[in-house]
Amino acid sequence: MPLQRSNTADKFIVDRRKPHRNSDVARAVRKTRDRLSQQAGNPDFDRELLKLHARAMTSGAIAIPLLVLTIAAAGRLAGVGNEIGLWALFTLTCYTVVTLMARRIERTEASELNPLQTQREFLIGHFLCGLGWGGFVWLGCGACQVDQFHVVKAVVLLVAMAATAVMTSSLGGALLATFAVPVALYAYAGVKLWMPVGAIMAGLLVVSLPFFAYVARHLNRASLMLLSFRSEKDALVAELETAKSMSDEARRRAEDANLAKSRFLASMSHELRTPLNAILGFSEVMSNEVLGPMSNPTYRDYAHDVHESGQHLLDLINEILDLSRIEAGRYQLNEEPVMLLNIVEDCCHMMELRARNKDIRVVQDFEHELLRLFADERAVRQITLNLLSNAIKFTATGGEIRVRVGWTAGGGQYISVKDNGPGIPEEEIPVVLSAFGQGSIAIKSAEQGTGLGLPIVQGLLAMHGGEFELHSKLREGTEAIAIFPLSRVMEELPALPTAAVAARRR
């Protein structure tokens with residue numbers, strides 16, 4: 001990920017001016033989940049349920065009025081008098097009032113609604129509609145040509161109850177407010193006439209009203225659960241957005257802090273190396289007694305220890321500064337045609353003395369038909385030395401290191417350094433490849449390093465457009481492979497014929 005410039009000097013990863021941001025989000029999520037565990041009829045969703053009821057009444061505004069008009073037309077054809085027209089007019093007026101009320105509620109914001117007042121207005125409107133249906137039950141048809149007219153009225157009431165149960169499921173008590181009076185009137189008329197069929201239909205209506213109320217209550221609970229799930233989803237989305245914004249802010253601050261660190265170390269190269277060079281130079285002069293013998297040999301040993309410590313510190317600073325320059329983008333590549341084979345051979349000769357001290361055999365397996373690479377010779381040499389140094393460091397006495405140089409399958413060139421050391425556990429490979437990361441084997445080893453060798457190799461290869469692979473198994477050894485891409489391989493130009501050269505000179 002490319003590092004970006006920051007305009008702020010604040011390097012805190014977490015903004016400590018907002019310490020309660022996470023707690024507020026967690027409190028909101030807990031409140032939403034508590035609402036989910038409550039029973040139906042939660043007052044927190046009354047406004048949303050009223051909005052759902054208003055939307056249902058608006059969308060189904062034509063259904064029941066169409067049923068009323070159909071009944072009125074059929075009644076006129078059957079011989080019912082003008083009273084059915086008056087009934088239809090009254091019922092349609094009541095449903096029109098409820099529809100207008102629903103449209104007004106639908107256009108109103110949920111936060112501006114008064115739940116108790118709105119619910120009361122809706123129930124009064126449905127009660128007036130129920131009075132209309134009660135008038136339909138009380139209608140008579142002395143000259144009617146339809147047999148069992150009371151059965152027809154019961155069927156019509158059943159259809160109206162079913163439609164109302166579905167439409168008013170979001171408003172508790174609406175069904176009972178609408179059809180309690182009509183069913184009671186129908187039952188009273190059935191008992192008064194004492195007709196078997198009428199009594200049966202009255203009993204059916206009396207049983208149907210609680211059943212449809214039960215269905216409406218279950219639909220109401222389903223609507224409540226949908227609202228609860230939507231509320232939880234909104235809360236979780238808000239939590240995720242908050243967490244994402246905080247993560248982005250933390251990442252940006254971490255990148256700024258890392259970039260500031262890299263720039264600081266890259267700019268401190270002269271300030272750190274100048275006093276170290278003086279320490280190394282003066283301690284070397286004192287330990288070698290260039291200006292004369294030292295009377296106390298202990299001082300000479302101290303000067304030698306100071307020189308070795310300073311050299312170790314300089315090597316450490318050089319590695320840190322190299323990695324910092326790479327991360328800060330200030331490492332300049334001096335690219336030129338180089339022979340990878342020659343560089344690796346020179347590095348093997350340089351590390352041969354260290355390998356002999358541990359009785360380690362270095363086996364060279366090179367392909368000699370290699371073309372030149374367009375690369376930075378110093379960087380390639382540092383890559384090779386780091387890989388060889390790690391292999392020698394972690395290979396036991398009497399071990400073997402195999403160094404290979406050759407072509408890759410894609411036409412590039414590679415350097416492979418494989419040892420038969422203790423290996424690296426698979427889960428520790430990402431740790432080893434990170435800056436200052438060391439595996440358990442390195443921590444227990446007597447030759448502990450800084451943990452910057454492999455990150456520097458990765459950075460230098462990335463600047464060349466290459467790749468780095470590390471394969472290892474416990475008790476089987478480790479293989480480190482540095483791969484240079486095909487774009488870095490220079491084509492070999494054919495030699496010009498002698499005649500062409502002479503003609504060009506002429």
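Worth saying up front: this structure is predicted, and the values here are computed from it rather than measured.
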Measure the CG-OG distance between Leu240 and Ser245 for me, rounded to the nearest 0.5 Å. 10.5 Å
Return yes when atom NZ of Lys418 has more than 12 non-hydrogen atoms of other residues, nucleotides or ligands closer than 6.0 Å, and no otherwise. no
For residues 58-69, which residue pairs qualify under side-chain hydrogen bond (donor to acceptor under 3.5 Å, both in side chains), counting only residues two or more places apart or in two chains? Thr58-Glu106
Atom of Leu433, atom of Gln458 and distance for their closest heavy-atom approach: O-OE1, 3.0 Å
Below 4.5 Å, heavy atoms only, C-beta onward: do Glu476 and Asn420 meet side chain to side chain? no
Flag the pair Leu205 / Met161 as yes when at least one side-chain heavy-atom distance between them is below 4.5 Å, and no otherwise. yes
Between Ile71 and Ile84, which heavy-atom pair has the shortest distance, and what is it? O-CD1, 3.7 Å
What are the two closest heavy atoms between Ile105 and Lys51, and how far apart are they? O-NZ, 3.3 Å
Pair up each side-chain donor or acceptor in residues 85-96 with any protein partner under 3.5 Å, not counting sequence neighbours, and list the distances.
from	atom 1	to	atom 2	distance (Å)
Trp87	NE1	Thr91	OG1	3.2
Trp87	NE1	Gly132	O	2.4
Thr91	OG1	Trp87	O	2.9
Thr93	OG1	Leu89	O	2.7
Tyr95	OH	Trp133	NE1	2.9
Thr96	OG1	Leu92	O	2.6

May I ask you to say whether Lys244 pairs ionically with Glu249, meaning some side-chain N is under 4.0 Å from a carboxylate O? no
Are Glu335 and Arg488 ion-paired here, with the side-chain N under 4.0 Å from a carboxylate O? yes
Looking only at non-hydrogen atoms, find the nearest pair between Ile401 and Asp419 and report the distance. CG1-CB, 4.1 Å
Looking at Glu121, I'd like to know if its CD atom is crowded, meaning that more than 12 non-hydrogen atoms belonging to other residues, nucleotides or ligands lie closer than 6.0 Å. yes
Measuring only between side-chain heavy atoms, which start at C-beta, is Asn386 closer than 4.5 Å to Leu454? no
Do the non-hydrogen side-chain atoms of Trp138 and Tyr188 ever get within less than 4.5 Å of each other? yes
Could you grab the distance from atom OG of Ser389 to atom CZ of Phe394, nearest 0.5 Å is fine? 8.5 Å
Is the shortest side-chain heavy-atom distance between Leu157 and Phe179 below 4.5 Å? yes
Report the C-alpha separation of Tyr414 and Arg404 in whole Å, then their side-chain angles, then the decisive distance to 0.1 Å, and conclude whether the side chain to side chain contact (heavy atoms under 4.5 Å, CB included) test is met. CA-CA 8 Å; Tyr414 73 93; Arg404 293 187 298 165; 4.2 Å; yes
With rounding to the nearest 0.5 Å, note down the distance linking CZ in Phe122 to CE in Met101. 6.0 Å
Shortest non-hydrogen pair, His464 vs Asp376, comes out as NE2-N, 3.2 Å
One thing to verify: whether Arg252 and Asp256 come together as a salt bridge, which I'm taking to mean a side-chain N less than 4.0 angstrom from a carboxylate O. yes
Looking only at atom types and distance, does a side-chain atom of Ser472 sit under 3.5 Å from a main-chain N or O of Gly477, one as donor and one as acceptor? yes
Between Phe374 and Val489, is the side chain to side chain contact (heavy atoms under 4.5 Å, CB included) condition met? List the steps. CA-CA 6 Å; Phe374 190 67; Val489 180; over 6 Å; no
Please tell me if the side chains of Val380 and Leu460 come closer than 4.5 Å, counting only heavy atoms from C-beta onward. no
Close side-chain approach of His53 to Thr168, heavy-atom, < 4.5 Å: yes
Run the side chain to side chain contact (heavy atoms under 4.5 Å, CB included) test on Gln119 and Leu123 for me, step by step, so that the C-alpha distance in whole Å, both residues' side-chain angles and the decisive distance to 0.1 Å come before the verdict. CA-CA 6 Å; Gln119 186 177 9; Leu123 290 178; 4.2 Å; yes
Is there side-chain contact between Glu241 and Val237, with heavy atoms separated by less than 4.5 Å? yes
Is it true that Glu109 and Arg47 make a salt bridge, defined as a side-chain N closer than 4.0 Å to a carboxylate O? no
Could you give me the CA-CA distance, side-chain angles and deciding distance for Met201 and Leu204, then say whether side chain to side chain contact (heavy atoms under 4.5 Å, CB included) is met? CA-CA 5 Å; Met201 298 307 297; Leu204 179 62; 4.0 Å; yes
Could you grab the distance from atom OG1 of Thr108 to atom CG of Leu50, nearest 0.5 Å is fine? 11.0 Å
Please report the interatomic distance OG1(Thr478) to CD1(Ile429), rounded to the nearest 0.5 Å. 8.0 Å
Taking all non-hydrogen atoms of both residues, which atom of Gly134 and which atom of Pro182 are closest, and how far apart? N-CG, 3.6 Å
Could you state the interatomic distance from CG (Leu387) to CD1 (Ile415), rounded to the nearest 0.5 Å? 7.0 Å
More than 12 heavy atoms of other groups within 6.0 Å of Glu426 CD: no
